[in-house]
Amino acid sequence: MECYIISTDFFIIPLLSAVWIMLPAYLPNPVAAVSGGGTPVDFGRNFTDGRRIFGDGKTWRGLIVGILAGVGIGIIQIWAAGAFELGFLPHLTLLAVCLLAAGALLGDIVKSFFKRRYGRERGAKWPVADQYDLVAGAFLLLVIFDSGWLFGEITLPAFIFILILTPILHRAVNIIGFTIKVKDVPW
Ligand code: CTP
Ligand code: MG
């Protein structure tokens, strides 16, 4: 008897595809947390409302090292797809990988901009926005700069898995980051 719930087409492949697509977008955040520090992206300046533009939680070093890490893992994935004949997975390209990595941290910065506007301090909890900023940023850049790749490679089931997996992984990684004292708060 066919088991639809764990069928390859609707479960395993979309699940693996979701992780495969999002690795270059997932890596920049934890790498920024480990490598961040130094000059803030807003250079310490305030917005017209008297609050910081982005805050001390967004630094140039975190942004640059984080994006490089996302692009780096993406290049390894592109190589691995060829070396190990992973043709059943979405076909990553250098452009897609750059948009995923840059979009993830740009989404994070845009979120911090609005977080400050709503008066939430650095590190404060902001449910939903904290978890989906990277997805919104990555997909926005893909829609603008490489929509052919986006609609050609990301299936609806894979996209649904991205929406399910992202908050779970986000929470898990932040608890680990808090436990090993990389992050000040477990969210
Ligand atoms: N980080 C960084 N540069 C970035 C993004 C993150 O240096 N572009 C580092 C900062 O040390 C930050 C940590 O990673 O404190 C965790 O990131 P995040 O949770 O996104 O920042 P918060 O400190 O929570 O700040 P915010 O309230 O603005 O989200
Ligand atoms: Mg935070």
Side-chain angles (χ1 to χ4, degrees), residues 18-19 21-77 92 94-146 161-187:
V19 175
I21 290 162
M22 291 304 283
L23 261 179
Y26 286 151
L27 198 60
N29 269 293
V31 169
V34 175
S35 66
T39 312
V41 175
D42 63 11
F43 297 102
R45 282 184 304 222
N46 288 342
F47 194 62
T48 51
D49 56 9
R51 294 179 187 276
R52 288 288 294 278
I53 301 176
F54 305 122
D56 282 331
K58 308 295 125 161
T59 68
W60 285 106
R61 203 164 71 210
L63 180 66
I64 292 164
V65 179
I67 291 175
L68 286 178
V71 174
I73 191 79
I75 289 172
I76 292 171
Q77 289 175 265
L92 293 173
L94 187 59
L95 175 61
V97 159
C98 290
L99 295 172
L100 283 162
L105 284 188
L106 290 181
D108 177 55
I109 286 182
V110 170
K111 174 212 61 189
S112 288
F113 175 80
F114 288 106
K115 215 167 162 179
R116 299 299 92 81
R117 304 291 72 77
Y118 288 107
R120 285 177 171 78
E121 298 301 329
R122 173 199 179 176
K125 211 176 194 168
W126 200 16
V128 185
D130 276 331
Q131 285 90 51
Y132 284 110
D133 55 359
L134 68 123
V135 179
F139 277 76
L140 187 65
L141 288 199
L142 283 171
V143 164
I144 297 171
F145 297 109
D146 205 0
F161 269 111
I162 290 171
L163 295 182
I164 297 169
L165 281 179
T166 301
I168 299 171
L169 289 174
H170 187 271
R171 184 85 181 127
V173 169
N174 283 331
I175 289 172
I176 294 169
F178 176 69
T179 308
I180 64 172
K181 298 186 164 58
V182 168
K183 276 193 68 111
D184 299 333
V185 286
W187 53 77

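Atom set for the values below is all heavy atoms of this structure, side chains included, hydrogens, waters and symmetry mates excluded. Numbering of ligands and ligand atoms starts at 1, following listing order.
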Q. Hey, does R51 have a side-chain heavy atom less than 4.5 Å from the side chain of E121?
A. yes

Q.
I want to check something: taking the side chain as every heavy atom from C-beta on, are M22 and L134 in contact at a cut-off of under 4.5 Å?
A. yes

Q.
Does the plane of the ring in Y118 sit parallel, tilted or perpendicular to the ring in W126? Use 30° and 60° as the thresholds.
A. tilted

Q) Under a 4.0 Å heavy-atom cut-off, which residues neighbour ligand 1? A) A32, A33, G36, G37, G57, K58, T59, G62, L63, D108, K111, S112, K115, R116, E121, R122, G123, K183

Q) Are any of the side-chain heavy atoms of L105 and I109 separated by less than 4.5 Å? A) no

Q. Rounded to the nearest 0.5 Å, how far apart are OH of Y26 and CD1 of I162?
A. 6.5 Å

Q: Answer whether the closest heavy-atom distance between the side chains of R116 and I53 falls below 4.5 Å.
A: no

